[in-house]
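Atoms within a ligand are numbered from 1 in the order they appear, just like the ligands themselves. Values below: all heavy atoms of this structure, side chains included; hydrogens, waters and symmetry mates excluded.
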Amino acid sequence: LNKVKLSLENQSYNIFVGNSILKELPKKINSNKLERNFFVVVDESVERFHKDYINAVISQLNGRTFVYILKSGENSKSYKELNKIYSALLGNNFGRDSLLIGIGGGVTGDLSGYAAATYMRGIQLIHIPTTLLAAVDSAIGGKTGINFETKKNIVGAFYQPKFVLIDSHFLNSLPEEEFKSGMGEIIKNAFLSGPDLFDYLSKNMTKIFLRDEKVIRKIIIESVKIKASVVSQDEKESGLRKILNLGHTFAHAIETDLNFRIKHGEAVVAGIICALFLSNKVGLLEKNQLDKFLTLPLKINVPDSLKKLNVKRMYEVMKADKKNRGDEIKFVLVTDLGKILIDVSASKKDVFESIGKMQKILFG
Ligand SMILES: NC(=O)c1ccc[n+]([C@@H]2O[C@H](COP(=O)([O-])OP(=O)(O)OC[C@H]3O[C@@H](n4cnc5c(N)ncnc54)[C@H](O)[C@@H]3O)[C@@H](O)[C@H]2O)c1
(Lines give C-alpha, C1' and ligand atoms only; values in the text may rest on other atoms or scores of the structure.)
Protein backbone atom coordinates (compact mmCIF):
# COMPACT_ATOMS: atom_id res chain seq x y z
CA LEU A 1 0.00 0.00 0.00
CA ASN A 2 1.47 3.33 -1.09
CA LYS A 3 0.53 6.63 0.41
CA VAL A 4 0.60 10.10 -1.12
CA LYS A 5 -0.16 13.06 1.11
CA LEU A 6 -2.12 16.01 -0.19
CA SER A 7 -1.19 18.91 2.08
CA LEU A 8 -3.59 21.79 2.47
CA GLU A 9 -3.68 24.66 4.93
CA ASN A 10 -6.89 23.59 6.64
CA GLN A 11 -7.07 19.89 5.96
CA SER A 12 -4.44 17.49 4.67
CA TYR A 13 -5.34 13.99 3.65
CA ASN A 14 -3.88 10.77 2.32
CA ILE A 15 -4.37 9.06 -1.00
CA PHE A 16 -3.78 5.32 -0.64
CA VAL A 17 -2.84 3.34 -3.73
CA GLY A 18 -2.52 -0.43 -4.02
CA ASN A 19 -3.92 -3.63 -5.46
CA SER A 20 -6.89 -5.22 -3.64
CA ILE A 21 -6.71 -2.69 -0.82
CA LEU A 22 -10.45 -2.13 -0.44
CA LYS A 23 -10.30 -4.43 2.58
CA GLU A 24 -8.28 -1.72 4.35
CA LEU A 25 -11.32 0.57 4.34
CA PRO A 26 -12.70 -0.30 7.81
CA LYS A 27 -9.25 0.08 9.35
CA LYS A 28 -8.68 3.45 7.67
CA ILE A 29 -12.07 4.70 8.82
CA ASN A 30 -11.19 3.66 12.38
CA SER A 31 -7.74 5.16 12.42
CA ASN A 32 -9.07 8.44 11.01
CA LYS A 33 -11.81 8.41 13.66
CA LEU A 34 -14.51 9.06 11.10
CA GLU A 35 -18.28 9.02 11.53
CA ARG A 36 -20.08 5.68 11.63
CA ASN A 37 -23.25 6.34 9.65
CA PHE A 38 -22.19 5.18 6.21
CA PHE A 39 -24.01 6.32 3.09
CA VAL A 40 -22.36 4.45 0.26
CA VAL A 41 -22.95 5.61 -3.32
CA VAL A 42 -21.96 2.93 -5.85
CA ASP A 43 -21.97 3.27 -9.64
CA GLU A 44 -24.32 0.61 -11.03
CA SER A 45 -21.73 -0.89 -13.42
CA VAL A 46 -19.19 -1.10 -10.63
CA GLU A 47 -21.81 -2.78 -8.50
CA ARG A 48 -22.52 -5.25 -11.27
CA PHE A 49 -18.87 -6.22 -11.73
CA HIS A 50 -17.74 -6.08 -8.12
CA LYS A 51 -20.82 -6.71 -5.99
CA ASP A 52 -19.33 -9.46 -3.81
CA TYR A 53 -15.97 -7.72 -3.52
CA ILE A 54 -17.64 -4.52 -2.28
CA ASN A 55 -20.23 -6.18 -0.07
CA ALA A 56 -17.58 -8.23 1.72
CA VAL A 57 -15.94 -5.00 2.87
CA ILE A 58 -19.08 -2.98 3.51
CA SER A 59 -20.35 -5.73 5.79
CA GLN A 60 -17.20 -5.28 7.86
CA LEU A 61 -17.96 -1.61 8.53
CA ASN A 62 -18.82 -1.09 12.11
CA GLY A 63 -21.91 1.13 11.99
CA ARG A 64 -25.11 1.82 10.11
CA THR A 65 -24.87 1.33 6.35
CA PHE A 66 -27.07 2.38 3.45
CA VAL A 67 -26.11 1.60 -0.14
CA TYR A 68 -27.34 3.86 -2.95
CA ILE A 69 -26.89 2.54 -6.47
CA LEU A 70 -26.23 5.34 -8.94
CA LYS A 71 -27.23 4.99 -12.57
CA SER A 72 -24.09 5.02 -14.74
CA GLY A 73 -23.40 7.88 -17.10
CA GLU A 74 -22.85 11.62 -17.32
CA ASN A 75 -26.62 12.29 -17.11
CA SER A 76 -26.46 11.37 -13.44
CA LYS A 77 -24.49 14.53 -12.70
CA SER A 78 -27.80 16.38 -12.44
CA TYR A 79 -30.06 18.12 -9.94
CA LYS A 80 -32.52 15.29 -10.37
CA GLU A 81 -30.04 12.69 -9.18
CA LEU A 82 -28.72 15.02 -6.48
CA ASN A 83 -32.26 15.44 -5.16
CA LYS A 84 -32.68 11.67 -5.03
CA ILE A 85 -29.53 11.38 -2.94
CA TYR A 86 -30.71 14.13 -0.56
CA SER A 87 -34.05 12.31 -0.24
CA ALA A 88 -32.35 9.01 0.50
CA LEU A 89 -30.11 10.68 3.08
CA LEU A 90 -32.98 12.47 4.75
CA GLY A 91 -35.46 9.60 4.41
CA ASN A 92 -33.02 7.26 6.13
CA ASN A 93 -32.24 9.69 8.92
CA PHE A 94 -28.68 10.49 8.05
CA GLY A 95 -27.62 13.48 10.11
CA ARG A 96 -24.50 15.60 10.28
CA ASP A 97 -22.65 12.67 11.81
CA SER A 98 -22.57 10.81 8.49
CA LEU A 99 -19.84 9.63 6.17
CA LEU A 100 -20.52 9.47 2.46
CA ILE A 101 -18.42 6.95 0.53
CA GLY A 102 -18.42 7.28 -3.26
CA ILE A 103 -17.40 4.17 -5.21
CA GLY A 104 -17.25 4.79 -8.94
CA GLY A 105 -15.80 6.96 -11.67
CA GLY A 106 -15.72 10.73 -12.00
CA VAL A 107 -19.49 10.97 -12.27
CA THR A 108 -19.98 9.22 -8.94
CA GLY A 109 -17.21 11.23 -7.31
CA ASP A 110 -18.36 14.63 -8.57
CA LEU A 111 -22.02 14.06 -7.74
CA SER A 112 -21.60 12.34 -4.39
CA GLY A 113 -18.86 14.81 -3.46
CA TYR A 114 -21.23 17.69 -4.11
CA ALA A 115 -23.97 15.95 -2.14
CA ALA A 116 -21.54 15.54 0.76
CA ALA A 117 -20.44 19.18 0.47
CA THR A 118 -23.98 20.50 0.70
CA TYR A 119 -26.08 18.07 2.73
CA MET A 120 -26.48 19.59 6.21
CA ARG A 121 -23.75 22.08 5.19
CA GLY A 122 -21.26 19.30 4.77
CA ILE A 123 -20.79 15.71 5.85
CA GLN A 124 -17.62 13.62 5.74
CA LEU A 125 -16.54 12.15 2.41
CA ILE A 126 -14.32 9.35 1.11
CA HIS A 127 -13.57 8.78 -2.57
CA ILE A 128 -12.99 5.27 -3.90
CA PRO A 129 -12.32 5.89 -7.62
CA THR A 130 -12.86 2.93 -9.94
CA THR A 131 -11.87 4.39 -13.31
CA LEU A 132 -8.34 5.32 -14.26
CA LEU A 133 -9.51 8.88 -14.91
CA ALA A 134 -11.08 9.18 -11.49
CA ALA A 135 -8.02 7.66 -9.82
CA VAL A 136 -5.54 10.08 -11.32
CA ASP A 137 -7.74 13.10 -11.77
CA SER A 138 -11.29 13.63 -10.56
CA ALA A 139 -10.96 12.05 -7.11
CA ILE A 140 -7.91 14.16 -6.31
CA GLY A 141 -8.19 17.81 -5.47
CA GLY A 142 -11.68 18.42 -4.15
CA LYS A 143 -13.58 19.67 -7.17
CA THR A 144 -17.17 18.45 -6.95
CA GLY A 145 -20.24 19.39 -8.90
CA ILE A 146 -23.01 18.72 -11.35
CA ASN A 147 -23.98 19.85 -14.83
CA PHE A 148 -26.74 22.39 -15.34
CA GLU A 149 -28.74 23.14 -18.48
CA THR A 150 -26.16 22.75 -21.25
CA LYS A 151 -23.11 23.51 -19.12
CA LYS A 152 -20.79 20.93 -17.61
CA ASN A 153 -19.64 21.32 -14.00
CA ILE A 154 -21.26 24.73 -13.74
CA VAL A 155 -22.66 24.19 -10.22
CA GLY A 156 -20.32 22.85 -7.60
CA ALA A 157 -18.01 23.30 -4.65
CA PHE A 158 -14.46 22.68 -3.60
CA TYR A 159 -14.84 19.96 -1.00
CA GLN A 160 -12.02 17.73 0.13
CA PRO A 161 -12.44 14.09 1.18
CA LYS A 162 -11.09 12.62 4.41
CA PHE A 163 -9.02 10.25 2.31
CA VAL A 164 -8.95 8.64 -1.13
CA LEU A 165 -8.52 4.90 -1.59
CA ILE A 166 -7.37 3.78 -5.04
CA ASP A 167 -7.70 0.03 -5.46
CA SER A 168 -6.30 -0.99 -8.84
CA HIS A 169 -8.31 -4.22 -8.64
CA PHE A 170 -11.35 -2.27 -9.88
CA LEU A 171 -9.56 -1.37 -13.09
CA ASN A 172 -9.61 -5.00 -14.27
CA SER A 173 -13.19 -4.60 -15.44
CA LEU A 174 -12.68 -1.19 -17.03
CA PRO A 175 -13.53 -1.09 -20.77
CA GLU A 176 -10.66 -0.20 -23.10
CA GLU A 177 -12.09 3.20 -24.06
CA GLU A 178 -12.45 4.22 -20.40
CA PHE A 179 -8.89 3.10 -19.81
CA LYS A 180 -7.71 5.27 -22.67
CA SER A 181 -9.62 8.19 -21.21
CA GLY A 182 -7.50 7.99 -18.07
CA MET A 183 -4.34 7.70 -20.14
CA GLY A 184 -5.08 11.12 -21.67
CA GLU A 185 -4.80 12.74 -18.25
CA ILE A 186 -1.74 10.70 -17.31
CA ILE A 187 0.02 11.85 -20.48
CA LYS A 188 -0.98 15.41 -19.64
CA ASN A 189 0.58 14.98 -16.19
CA ALA A 190 3.81 13.82 -17.80
CA PHE A 191 4.21 17.31 -19.28
CA LEU A 192 3.59 18.98 -15.93
CA SER A 193 6.54 17.43 -14.13
CA GLY A 194 10.19 16.66 -14.90
CA PRO A 195 11.19 14.03 -17.50
CA ASP A 196 10.68 10.93 -15.30
CA LEU A 197 7.03 10.18 -16.01
CA PHE A 198 7.43 11.20 -19.66
CA ASP A 199 10.30 8.72 -20.11
CA TYR A 200 8.57 5.99 -18.14
CA LEU A 201 5.38 6.27 -20.21
CA SER A 202 7.33 6.39 -23.45
CA LYS A 203 9.12 3.17 -22.55
CA ASN A 204 6.16 1.27 -21.11
CA MET A 205 3.19 2.07 -23.31
CA THR A 206 2.84 -1.51 -24.55
CA LYS A 207 2.81 -2.88 -21.01
CA ILE A 208 0.32 -0.21 -19.99
CA PHE A 209 -2.18 -1.25 -22.63
CA LEU A 210 -1.64 -4.88 -21.66
CA ARG A 211 -2.71 -3.67 -18.20
CA ASP A 212 0.47 -4.74 -16.44
CA GLU A 213 -0.63 -4.22 -12.84
CA LYS A 214 2.73 -3.04 -11.50
CA VAL A 215 3.27 -0.56 -14.31
CA ILE A 216 -0.25 0.81 -13.94
CA ARG A 217 0.14 1.19 -10.20
CA LYS A 218 3.39 3.08 -10.77
CA ILE A 219 1.87 5.54 -13.27
CA ILE A 220 -1.12 6.10 -10.98
CA ILE A 221 1.16 6.89 -8.05
CA GLU A 222 3.33 9.25 -10.09
CA SER A 223 0.27 10.98 -11.53
CA VAL A 224 -1.39 11.33 -8.15
CA LYS A 225 1.82 12.86 -6.76
CA ILE A 226 1.83 15.46 -9.52
CA LYS A 227 -1.82 16.40 -9.08
CA ALA A 228 -1.55 16.42 -5.28
CA SER A 229 1.46 18.70 -5.45
CA VAL A 230 -0.27 21.16 -7.78
CA VAL A 231 -3.48 21.21 -5.72
CA SER A 232 -1.63 21.66 -2.44
CA GLN A 233 -0.02 24.80 -3.85
CA ASP A 234 -3.23 26.24 -5.30
CA GLU A 235 -6.38 24.55 -4.01
CA LYS A 236 -8.91 26.99 -5.49
CA GLU A 237 -7.30 27.46 -8.90
CA SER A 238 -6.20 31.06 -8.59
CA GLY A 239 -3.04 30.42 -10.58
CA LEU A 240 -0.82 27.33 -10.72
CA ARG A 241 -3.70 24.82 -10.73
CA LYS A 242 -4.61 26.08 -14.19
CA ILE A 243 -1.67 24.07 -15.56
CA LEU A 244 -3.91 21.01 -15.14
CA ASN A 245 -5.92 22.40 -18.04
CA LEU A 246 -3.10 21.73 -20.51
CA GLY A 247 -4.73 20.62 -23.76
CA HIS A 248 -8.19 21.06 -22.28
CA THR A 249 -9.22 24.29 -24.04
CA PHE A 250 -8.79 22.47 -27.34
CA ALA A 251 -10.19 19.21 -25.95
CA HIS A 252 -13.37 20.83 -24.70
CA ALA A 253 -13.92 22.51 -28.08
CA ILE A 254 -13.32 19.19 -29.85
CA GLU A 255 -15.77 17.37 -27.58
CA THR A 256 -18.42 20.04 -28.12
CA ASP A 257 -17.91 20.13 -31.87
CA LEU A 258 -18.21 16.34 -32.06
CA ASN A 259 -21.30 16.43 -29.82
CA PHE A 260 -19.41 14.46 -27.16
CA ARG A 261 -19.14 11.43 -29.45
CA ILE A 262 -15.48 11.14 -28.51
CA LYS A 263 -14.02 10.01 -25.22
CA HIS A 264 -12.68 12.78 -23.02
CA GLY A 265 -9.21 11.22 -22.93
CA GLU A 266 -9.05 10.99 -26.70
CA ALA A 267 -10.01 14.65 -26.97
CA VAL A 268 -7.35 15.47 -24.37
CA VAL A 269 -4.70 13.64 -26.39
CA ALA A 270 -5.67 15.62 -29.51
CA GLY A 271 -5.81 18.78 -27.38
CA ILE A 272 -2.30 18.21 -26.07
CA ILE A 273 -1.04 17.79 -29.63
CA CYS A 274 -2.71 21.11 -30.58
CA ALA A 275 -1.24 22.81 -27.50
CA LEU A 276 2.26 21.56 -28.37
CA PHE A 277 1.96 22.90 -31.92
CA LEU A 278 0.64 26.19 -30.60
CA SER A 279 3.50 26.39 -28.09
CA ASN A 280 5.90 26.07 -30.99
CA LYS A 281 3.99 28.62 -33.11
CA VAL A 282 4.07 31.33 -30.47
CA GLY A 283 7.78 30.75 -29.96
CA LEU A 284 7.74 29.00 -26.59
CA LEU A 285 8.84 25.56 -27.73
CA GLU A 286 11.73 24.73 -30.02
CA LYS A 287 11.19 22.49 -33.02
CA ASN A 288 13.39 19.64 -31.79
CA GLN A 289 11.60 19.65 -28.44
CA LEU A 290 8.24 19.75 -30.20
CA ASP A 291 9.16 16.67 -32.21
CA LYS A 292 10.27 14.83 -29.10
CA PHE A 293 7.21 15.80 -27.08
CA LEU A 294 4.78 14.79 -29.81
CA THR A 295 5.98 11.19 -29.68
CA LEU A 296 4.13 10.49 -26.44
CA PRO A 297 0.55 11.60 -27.27
CA LEU A 298 1.01 10.07 -30.72
CA LYS A 299 1.26 6.64 -29.07
CA ILE A 300 -2.47 6.78 -28.30
CA ASN A 301 -4.98 5.83 -30.99
CA VAL A 302 -7.59 8.47 -31.61
CA PRO A 303 -10.80 8.21 -33.65
CA ASP A 304 -11.17 9.25 -37.29
CA SER A 305 -13.92 11.69 -36.31
CA LEU A 306 -11.09 14.14 -35.50
CA LYS A 307 -10.55 14.47 -39.24
CA LYS A 308 -13.74 16.44 -39.70
CA LEU A 309 -13.70 19.17 -37.13
CA ASN A 310 -15.48 22.45 -37.67
CA VAL A 311 -12.61 24.69 -36.62
CA LYS A 312 -14.68 27.90 -36.70
CA ARG A 313 -17.23 26.36 -34.38
CA MET A 314 -14.44 25.11 -32.13
CA TYR A 315 -13.09 28.65 -31.94
CA GLU A 316 -16.48 29.98 -30.80
CA VAL A 317 -16.60 27.31 -28.10
CA MET A 318 -13.13 28.27 -26.90
CA LYS A 319 -14.17 31.92 -26.71
CA ALA A 320 -17.15 30.99 -24.54
CA ASP A 321 -15.06 28.88 -22.12
CA LYS A 322 -15.87 29.70 -18.50
CA LYS A 323 -12.14 29.90 -17.74
CA ASN A 324 -11.68 32.98 -19.95
CA ARG A 325 -11.64 36.53 -18.71
CA GLY A 326 -13.01 38.98 -21.24
CA ASP A 327 -12.80 38.19 -24.93
CA GLU A 328 -9.34 36.63 -25.08
CA ILE A 329 -8.83 32.88 -25.15
CA LYS A 330 -6.20 31.87 -22.62
CA PHE A 331 -4.10 28.80 -23.36
CA VAL A 332 -1.90 26.64 -21.20
CA LEU A 333 1.29 26.07 -23.15
CA VAL A 334 4.53 24.17 -22.78
CA THR A 335 8.08 25.50 -22.84
CA ASP A 336 9.65 22.31 -21.51
CA LEU A 337 8.75 19.28 -19.39
CA GLY A 338 7.62 20.78 -16.11
CA LYS A 339 7.75 24.30 -17.51
CA ILE A 340 4.21 25.33 -18.24
CA LEU A 341 2.86 28.80 -18.95
CA ILE A 342 -0.74 29.70 -18.15
CA ASP A 343 -2.94 32.45 -19.57
CA VAL A 344 -1.11 32.73 -22.89
CA SER A 345 -3.04 34.48 -25.67
CA ALA A 346 -2.63 33.45 -29.28
CA SER A 347 -3.85 34.76 -32.62
CA LYS A 348 -6.83 33.14 -34.27
CA LYS A 349 -4.60 32.20 -37.19
CA ASP A 350 -2.14 30.33 -34.93
CA VAL A 351 -4.98 28.51 -33.19
CA PHE A 352 -6.50 27.41 -36.51
CA GLU A 353 -3.10 26.31 -37.81
CA SER A 354 -2.37 24.29 -34.68
CA ILE A 355 -5.60 22.36 -35.09
CA GLY A 356 -4.72 21.77 -38.76
CA LYS A 357 -1.27 20.48 -37.81
CA MET A 358 -2.79 18.13 -35.25
CA GLN A 359 -5.04 16.68 -37.97
CA LYS A 360 -2.15 16.44 -40.42
CA ILE A 361 0.19 14.60 -38.06
CA LEU A 362 -2.58 12.20 -37.04
CA PHE A 363 -4.11 11.49 -40.41
CA GLY A 364 -1.61 12.75 -42.99
N1 LIG B 1 -13.60 16.75 -10.14
C2 LIG B 1 -12.63 16.83 -11.00
O3 LIG B 1 -11.58 17.40 -10.72
C4 LIG B 1 -12.78 16.20 -12.35
C5 LIG B 1 -11.67 16.02 -13.16
C6 LIG B 1 -11.83 15.37 -14.37
C7 LIG B 1 -13.07 14.89 -14.75
N8 LIG B 1 -14.13 15.09 -13.93
C9 LIG B 1 -15.47 14.56 -14.28
O10 LIG B 1 -15.38 13.14 -14.27
C11 LIG B 1 -16.36 12.60 -15.14
C12 LIG B 1 -15.71 11.55 -15.99
O13 LIG B 1 -15.20 10.54 -15.15
P14 LIG B 1 -15.07 9.03 -15.66
O15 LIG B 1 -14.37 9.03 -16.94
O16 LIG B 1 -14.57 8.23 -14.53
O17 LIG B 1 -16.59 8.70 -16.04
P18 LIG B 1 -17.73 7.79 -15.36
O19 LIG B 1 -17.83 7.98 -13.93
O20 LIG B 1 -18.95 8.06 -16.18
O21 LIG B 1 -17.22 6.32 -15.65
C22 LIG B 1 -17.09 5.89 -16.98
C23 LIG B 1 -17.84 4.60 -17.24
O24 LIG B 1 -17.15 3.53 -16.63
C25 LIG B 1 -18.02 2.77 -15.79
N26 LIG B 1 -17.18 2.24 -14.74
C27 LIG B 1 -16.67 2.90 -13.66
N28 LIG B 1 -15.83 2.11 -13.00
C29 LIG B 1 -15.80 0.92 -13.65
C30 LIG B 1 -15.09 -0.28 -13.46
N31 LIG B 1 -14.19 -0.41 -12.47
N32 LIG B 1 -15.32 -1.31 -14.31
C33 LIG B 1 -16.20 -1.17 -15.34
N34 LIG B 1 -16.86 -0.04 -15.59
C35 LIG B 1 -16.67 1.00 -14.75
C36 LIG B 1 -19.10 3.74 -15.41
O37 LIG B 1 -20.29 3.07 -15.10
C38 LIG B 1 -19.24 4.57 -16.67
O39 LIG B 1 -20.08 3.93 -17.57
C40 LIG B 1 -16.91 13.77 -15.94
O41 LIG B 1 -18.19 14.09 -15.46
C42 LIG B 1 -15.93 14.90 -15.66
O43 LIG B 1 -16.54 16.17 -15.69
C44 LIG B 1 -14.01 15.71 -12.74
Contacting atoms of ligand 1, where contact means under 4.0 angstrom from a heavy atom of [X]:
X	value
Ser173	30 (C), 31 (N), 32 (N), 33 (C)
Glu74	40 (C), 41 (O)
Asp137	5 (C), 6 (C)
Ser45	37 (O)
Asp43	36 (C), 37 (O)
Asn153	43 (O)
Leu174	29 (C), 30 (C), 32 (N), 33 (C), 35 (C)
Lys152	40 (C), 41 (O), 42 (C), 43 (O)

Going by an N to O cut-off under 4.0 Å, is there a salt bridge joining [X] and [Y]?
X	Y	result
Lys263	Glu266	no
Lys281	Glu353	yes
Lys143	Glu237	yes
Glu177	Lys180	no
Asp199	Lys203	no
Glu316	Lys312	no
Lys319	Glu328	no

Which bit of [X] is near ligand 1, meaning a heavy atom under 4.0 Å away: side chain, backbone, both or neither?
X	answer
Glu178	side chain
Asp110	side chain
Ile140	neither
Glu185	neither
Val46	side chain
Thr130	both
Val107	both
Glu44	neither

Polar-atom distance check: [X] versus ligand 1, any N or O pair below 3.5 Å?
X	value
Gly106	yes
Thr144	no
Thr108	no

Suppose we call two aromatic rings close when their centres sit under 6.0 Å apart. Are Tyr53 and Phe170 close by that rule? yes
List, one per line, each side-chain donor-acceptor pair under 3.5 Å for residues 107-116, sequence neighbours excluded.
from: Asp110; atom 1: OD2; to: Lys77; atom 2: NZ; distance (Å): 2.9
from: Ser112; atom 1: OG; to: Thr108; atom 2: O; distance (Å): 2.5

Passes side chain to side chain donor-acceptor pair (under 3.5 Å), Tyr315 versus Asp257? Steps please. CA-CA 10 Å; Tyr315 196 76; Asp257 187 48; over 6 Å; no
In terms of its nearest heavy atom to atom 27 (C) of ligand 1, the top option of Val136, Val268, Thr131 is Thr131
Could you find the nearest protein heavy atom to atom 4 (C) of ligand 1 and give me its residue, atom name and distance? Ser138 CB, 3.2 Å
Tell me the protein heavy atom at minimum distance from atom 3 (O) of ligand 1, and give that distance in Å. Lys143 CB, 3.6 Å
Return all side-chain donor-acceptor pairs below 3.5 angstrom for residues 181-197, not counting sequence neighbours, or 'none' if the list is empty.
from: Ser181; atom 1: OG; to: Gly265; atom 2: N; distance (Å): 3.0
from: Glu185; atom 1: OE1; to: Lys188; atom 2: NZ; distance (Å): 2.9
from: Glu185; atom 1: OE1; to: His248; atom 2: NE2; distance (Å): 3.4
from: Glu185; atom 1: OE2; to: His248; atom 2: NE2; distance (Å): 3.0
from: Glu185; atom 1: OE2; to: His264; atom 2: NE2; distance (Å): 3.0
from: Lys188; atom 1: NZ; to: Leu244; atom 2: O; distance (Å): 2.9
from: Asn189; atom 1: ND2; to: Ser223; atom 2: OG; distance (Å): 3.0

Using a cut-off of 6.0 Å, state whether more than 12 heavy atoms not belonging to Lys357 lie near its atom NZ. no
side-chain contact (heavy atoms from CB on, under 4.5 Å) for Leu362 and Ile273? Distances and angles first, verdict last. CA-CA 9 Å; Leu362 286 172; Ile273 295 173; 4.1 Å; yes
